A.B. asks: 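After the C-alpha cells below, expect a handful of questions from me.
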Amino acid sequence: MADKQEYRMAELAERAGITVRTLRFYRERGLLAPPRREGRIAWYDDHHLARLRTIAALLERGHTLSGIAELAEALDHGRDVADLLGVAPPTEEEPVRLTPEELAARFEGEVTPENLAAALDLGYLGTDGDEIVHISRRLLDVSSALVREGIPLAEVLSAGARVRQHADALADLFTDLIVRHGPEENLHRLRPLARSVVEAELSLALDRRVRERKEGEQGED
DNA sequence: ATTCTTACA
DNA sequence: TGTAAGGA
C-alpha cells in the first residue's frame, strides 16, 4: 500500500489535492515534517502524504489549523492519532502497538517478568503475534513518565490497579445516576460531563492536599 | 530550463 | 492563499 516512493512538491501537492503554496504554508506552521533535501529539490514521501490527508480530514471536520498544529506534535510522537478525533468515539483511549524492544526502551530496566505479568493481569498489556499492545496511549505515556521520574514500575502498576477500582466505582455511580433518570442513550452523550466532574474534583482535591502540606510545614517549624 | 523560496498583495 | 520575481 505504502511504497517507498518519493514526490517533489508539485506532485505531492497534487496527490494531496492542495496547491504548492498551501503545502509550504503547512510546513511553515509546523504541520508537516521537513522534506528530505537533495540540493535544490525537496523530496516528500508517503508519510507527508498521509499527514496531508489527515490535515484535510481534520479541516473537513471543522478543526482549525492551529488546533491541528497542536495535534501535529502528538501525531509525531504517537502513531495513529488521526482517527482518534472523529472516527473512534466509543472510547477516547487509543491502543498502542509496540515491539518488546520498544516497550523495554520505554521503561529502562524495569520490564521484569513480574511487572510484565502485573501489566498483563491489569489488562494494560496484551499480545498480538510478536507485538505488544497497550490499551491506552495516555496510560502508557503517563506510566513511562512516572518511571522516568524515578518511581518504580511495580508501584506505578499497583497504583494503577487502585485507580482502576476507584474509576470503576465512579463509572458505576454515573451510569446508575444517568440511567435511572433517562434513556440509556444518554450514557454516551453525557459521558463528557462525567469526565469533567471527576477531573474538576480531582483538581480540587489535589489543591487541598497541597494546601494542607504547606500548613503542616509552617506548623511544624 | 527547472525547482523552490522570498516577498508582496 | 495567489503570484511575481529571483537564487541556484
Side-chain angles (χ1 to χ4, degrees), chain A residues 1-106 108 128 130-145 148 185 188-200 203:
Chain A
M1 196 208 299
D3 293 311
K4 297 172 186 175
Q5 197 172 354
E6 291 191 312
Y7 320 91
R8 46 199 189 301
M9 282 199 124
E11 196 177 347
L12 178 74
E14 188 193 355
R15 298 207 180 210
I18 60 176
T19 68
V20 173
R21 180 68 182 86
T22 308
L23 177 59
R24 241 193 301 280
F25 192 73
Y26 288 169
R27 215 177 53 196
E28 289 165 8
R29 294 290 158 94
L31 283 93
L32 201 64
R36 182 175 72 82
R37 277 299 169 69
E38 185 178 310
R40 209 99 247 101
I41 292 109
W43 290 105
Y44 296 86
D45 59 24
D46 289 308
H47 290 93
H48 296 101
L49 184 55
R51 172 69 127 258
L52 289 173
R53 299 235 160 94
T54 298
I55 292 171
L58 292 177
L59 287 173
E60 290 292 323
R61 290 175 183 279
H63 285 85
T64 146
L65 267 190
S66 59
I68 297 175
E70 286 181 31
L71 293 172
E73 198 247 350
L75 273 166
D76 290 330
H77 293 299
R79 263 284 184 260
D80 225 36
V81 192
D83 51 343
L84 168 154
L85 296 164
V87 185
T91 174
E92 286 134 0
E93 296 313 299
E94 185 201 8
V96 187
R97 313 176 65 87
L98 61 179
T99 66
E101 291 73 28
E102 289 169 338
L103 183 69
R106 283 222 179 205
E108 289 179 39
D128 181 10
D130 296 339
E131 287 194 314
I132 292 176
V133 181
H134 193 291
I135 55 165
S136 161
R137 157 144 281 125
R138 285 200 292 184
L139 290 177
L140 175 62
D141 288 343
V142 168
S143 51
S144 58
R148 222 176 300 124
E185 290 72 58
H188 176 262
R189 195 168 52 84
L190 300 182
R191 176 186 178 129
L193 300 184
R195 279 194 44 174
S196 289
V197 170
V198 173
E199 213 176 287
S203 229

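Just so you know, these numbers use all the heavy atoms, side chains as well, and skip hydrogens, waters and symmetry mates. In what follows, every chain begins at residue 1, and chains take the letters A, B, ... in the order their sequences are listed. No experiment lies behind these values; they were computed from the predicted model shown.
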A.B. asks: Name the closest nucleotide to the A:Phe25 side chain, picking from B:dC4, C:dT1, C:dG2.
C.D. replies: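 That would be C:dT1.
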A.B. asks: May I ask you to test the A:Leu23-A:Leu52 pair for a side-chain heavy-atom distance under 4.5 Å?
C.D. replies: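 They are in side-chain contact.
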A.B. asks: Please tell me if A:Arg37 has a side-chain N or O lying less than 4.0 Å from either OP1 or OP2 of C:dA8.
C.D. replies: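 For C:dA8, OP1/OP2 do not have a side-chain N/O of A:Arg37 under 4.0 Å.
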A.B. asks: Nearest-Å distance, CG (A:Leu12) to P (B:dT3)?
C.D. replies: 15 Å
A.B. asks: To the nearest Å, how far apart are A:Arg24 CZ and C:dT3 P?
C.D. replies: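 Value for this atom pair: 13 Å.
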A.B. asks: Would you kindly give the CG-to-P distance between A:Leu65 and C:dT1, to the nearest whole Å?
C.D. replies: 7 Å
A.B. asks: Would you kindly compare A:Val20 and A:Arg40 by the position of their nearest DNA chain C nucleotide and give the one closer to the 5′ end?
C.D. replies: A:Val20
A.B. asks: Given C:dG2, B:dT3, B:dT5, which nucleotide is nearest the side-chain atoms of A:Thr22?
C.D. replies: C:dG2
A.B. asks: Whole Å only: how far is the CZ atom of A:Arg21 from the C1' atom of B:dT5?
C.D. replies: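 Rounded to the whole Å, the gap is 10 Å.
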A.B. asks: Nearest whole angstrom, please: distance from the P of C:dG2 to the CD of A:Glu28.
C.D. replies: 13 Å
A.B. asks: What is the distance, rounded to the nearest whole Å, between atom CD of A:Glu38 and atom C1' of B:dT3?
C.D. replies: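 So the CD-C1' distance, A:Glu38 to B:dT3, works out to 12 Å.
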A.B. asks: Just to be sure I understand the rule, does A:Arg8 reach a base, reach only the sugar-phosphate, or reach nothing, if contact means heavy atoms closer than 4.0 Å?
C.D. replies: sugar-phosphate
A.B. asks: Send over the distance from A:Tyr7 OH to B:dT3 P, rounded to a whole Å.
C.D. replies: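 Taking atom P of B:dT3 as the reference, OH of A:Tyr7 is at 17 Å.
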A.B. asks: Would you compute the distance between atom CD1 of A:Ile18 and atom CG of A:Leu12 and round it to the nearest 0.5 angstrom?
C.D. replies: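 The CG atom of A:Leu12 is 6.5 Å from CD1 of A:Ile18, to the nearest 0.5 Å.
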A.B. asks: Quick one: pull up CZ in A:Arg138 and CG in A:Asp141 and give me the separation to the nearest 0.5 Å.
C.D. replies: 10.0 Å
A.B. asks: Check the surroundings of atom CD in A:Glu108: do more than 12 heavy atoms from other residues, nucleotides or ligands lie under 6.0 Å from it?
C.D. replies: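 Count not over threshold, so no.
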A.B. asks: Between A:Ile18 (CD1) and C:dG2 (C1'), how many Å, whole number?
C.D. replies: 14 Å
A.B. asks: Taking salt bridge (Lys or Arg N to Asp or Glu O under 4.0 Å) as the cut-off, I'd like each qualifying pair that reaches into residues 14-35 of chain A, sequence neighbours left out, listed once.
C.D. replies: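 Qualifying pairs, neighbours excluded: A:Glu11-A:Arg15.
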A.B. asks: Counting only Watson-Crick pairs (N1-N3 plus N6-O4 or O6-N4) and G-U wobbles (N1-O2, O6-N3), all under 3.5 Å, who is the partner of B:dA1?
C.D. replies: none
A.B. asks: For the side chain of A:Met9, starting at C-beta, report the closest nucleotide among B:dT3, B:dT5, C:dG2.
C.D. replies: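 Given the options B:dT3, B:dT5, C:dG2, the side chain of A:Met9 is closest to B:dT5.
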